[in-house]
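What follows is a short report on a single structure.
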Amino acid sequence: MVSRGQFCSLDSLNLAPPQSPLRGGFRLNLHEYQSKRIFARYGIPVPSGEVATTPSAVRDIAVRLGGAVVVKSQVLVGGRGKAGGIKLAKTPDEAEQRADEILGMTIKGLTVKKVLVDPAANILSEIYLGAVLDRANRRVVLMASSEGGIDIEEVAAKTPEKIVKVMAHPFLGLKPHQARLLADGIHLPKELTNDFIKIAQGLYQVFVATDASLAEINPLVVTGDKKLMALDGKIAVDDNALYRHPELAEMQDPDEEDASEREAHRYGLSYIQLEGEIGCMVNGAGLAMATMDIVKLYGGDPANFLDIGGGAQSDKVAAALRIILGDSRVKAVLINIFGGITRCDEVARGVLEAIGTLEVRVPFVVRLVGTNEEEGRLILAEANLITATSLADAAQKAVAAAKGEQP
Amino acid sequence: MSILVGKQTRLVVQGITGREGAFHTRQMIDYGTPLVAGVTPGKGGETAFGTVPVFDTVSNAVSATGANTSVIFVPARFAADAILEAADAGIELVVCITEGIPVMDMVQVRAYLDTTHTRLIGPNCPGLITPGEAKVGIIPGHIMSKGNVGLVSRSGTLTYEVVYALTARGIGQSTAVGIGGDPINGTSFLEVLQMFEQDPNTEQVILIGEIGGTDEQKAAHYIGSQMTKPVTGFIAGQTAPPGRRMGHAGAIISGGEGTAAEKIAALTQAGAQVARHPDEIAALVAQNLR
């Protein structure tokens, strides 16, 4: 159950890189201040900071805290510090100024609307401590590294021997001896071991209690007075479990979600916008991916991933097309439906509904196979769309249509 | 006899009176699946579809009918418990169609199942079908035909697509198994490959994988080292951007790993033929028949 100094495949951990565009859609990411409030509830020491949305409120907090503070932008991207989104301030006046600079700034496309004001810490060393799902072992794995404060994937890539991990048993949880192995593996000063065990067990409890897919403290610092403190952290929540966490669902920041992906979510569609010119509407995630791949194979670029799911009704199909056509880069639409639970006639009605209500300027290539395909084709016969029989045929026609070639 | 399901199957449907459960139960009966019972708590004593007795618990269904296989159509928030109920009732094979079960529920379920004799297929899967014998799940029966090609896949509609192309070419299937798109599932590619390798009715195998995880790589290792039957592979998600979950909860490329390229390389190295797109799969399989 323990492997020390061994690089645990980050893929098997299902750990998405912090810089990846994971915001919105399928996984709820909590802000730093939200994550730290949850940490505190499970006995993990965090700075006594507060959140503000205006420079004057930041000043008030700095006065209350007394001494130097750190003003930290609250946006769901990595690299906030490098982007100038985290600043030290020695006085309340300076804190107000720094807040004025940070609030409203744009970091990787996101506007800063909130800052966290934490008392500045005297840092002796920085540790990484994280909990993620290890899908290969089907366990929650706790990872620690003496190389805190930087991206753990970077540590994993360059110095994997500096990551120590233990697996929590689903029925037993994280036991003290396991946390002690982590402390030992990162050469933590012995007088801090007992505090570290409480923090590691607390983090595991946070993971379970929030149905997290990732909970990490980075950095966990040793302060000047030889105490451990979680200076920064994040939690990503498994959205399949949000039904039992209404308080977490409320924490979702609508500003962080792409508008079209949000609308897709509302209709129960899986939609991810990409950069190509061929809009794809498909039923089934695997078939949707394969459709994108074949578009690429024949020289096109998919504009999106879109899975309408099983058994979609016409209104859902119409919504899907509205979202696809809302992307101005789309030069052709490829509809690929393999009817099983999904009925081709329902899809065809949705396509007609969309064409009737939207201004459609781009060609449509339609492939309907399976349940009620004849009915579907009859419904679409009058609409004068490009039809295809095989997937390869459909992809080639869509690529040609996007280039303005006549079928 | 093909693998996992067949004439020996005695199927109980958990969630038989729900919208999805009822719709697909009708189709499973019409296909000729040996379906012996249904379970919906509170509706025990009723009869569904004219002949199928409904029970309040899986345990009652097993005692009364000798059910050995269950298929689950209950909503995600109740599905993990439904799997455990089936295992506790002594069901040998549990097929969970439900999508959206919280991952931490599956962590517990898998750890518990590992202490029992119950095998789980899925969740978030289309189920499995042995043509002409038993359809357990939602794979459309009419596209299947009896034959000697085994198929294992993480994706539903992509499976249908491939089966459809096989049948159109006159190539029949022994069993098609959808293992599901979740990060934690009951049965892996590797285990299904081992069953196909042992099955006298299966002459060659199709493996349809996708991005995320390392299940395909483990399967590739087995193909390269121990499997004697030819394997044709396909991996979906070559154009998927890193860090995004492509519909299936398990379909995500993380930290540059779990990519389609890496899986295709592993399969190719193991001696499997890898199709560039789904339409090619049936053509490659046909070549092996010559």
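The sequence lines fix the lettering, A, B, ..., with proteins before strands; numbering per chain opens at 1.
Chosen from B:R276, B:Q108, B:R77, the residue pairing most often with chain A at heavy-atom distances under 4.5 Å is B:R77. For the set A:T342, A:I337, A:D293, A:L287, the count of heavy-atom pairs under 4.5 angstrom toward chain B peaks at A:D293. Between chain B and the residues A:V140, A:D211, A:V208, A:N283, the largest count of heavy-atom pairs under 4.5 Å involves A:N283. Interface remark: of the candidates B:A76, B:A111, B:P140, B:A111 forms the most heavy-atom pairs closer than 4.5 Å to chain A. When the candidates B:H142, B:H24, B:M106 are compared by the number of heavy-atom contacts under 4.5 Å with chain A, B:H24 comes out ahead. When each of B:I101, B:I138, B:N185, B:I143 is scored by its heavy-atom pairs under 4.5 Å with chain A, the top score falls to B:I101.
Both the backbone and the side chain of B:Y112 come within less than 4.5 Å of a heavy atom in chain A. For B:R110, the part sitting under 4.5 Å from any heavy atom of chain A is the side chain, from C-beta outward, and nothing else. Heavy-atom distances place no part of A:V282 under 4.5 Å from chain B, backbone and side chain included. With a 4.5 Å cut-off on non-hydrogen atoms, B:P102 touches chain A through its backbone and its side chain both. Contacts of B:I235 with chain A are made by backbone atoms alone, with heavy-atom separations under 4.5 Å and no side-chain atom involved.
For the atom pair OG1 of A:T291 and CD of B:E161, the computed distance is 7.5 Å after rounding to the nearest 0.5 Å. Atom CE in B:M104 sits 9.5 Å away from atom CG in A:D238 (nearest 0.5 Å). Atom CG of residue B:D279 and atom CG of residue A:L391 lie 5.0 Å apart, to the nearest 0.5 angstrom. Going from atom NZ of A:K296 over to atom OG1 of B:T239 covers 7.5 Å, rounded to the nearest 0.5 Å. Separation of atoms CG (B:L158) and CE (A:M289) is listed at 8.5 Å; rounding is to 0.5 Å. Separation of atoms CG (B:D105) and CZ (A:R244) is listed at 4.0 Å; rounding is to 0.5 Å.
Side-chain contact between B:P241 and A:L274: present, with at least one pair of heavy atoms (C-beta onward) separated by less than 4.5 Å.
Other residues, nucleotides and ligands contribute more than 12 heavy atoms inside 6.0 Å of the NE2 atom of A:H245.
Contact between B:P278 and A:A290 at its shortest, heavy atoms only, is CG-CB, 3.8 Å. Summarising the geometry of A:A392 relative to B:H277, their closest heavy-atom pair is CB-CE1, 4.1 Å, with the distance given to 0.1 Å.
Ring geometry, B:Y164 versus A:F338: the interplanar angle exceeds 60°, so the pair is classed perpendicular (tilted spans 30 to 60°).
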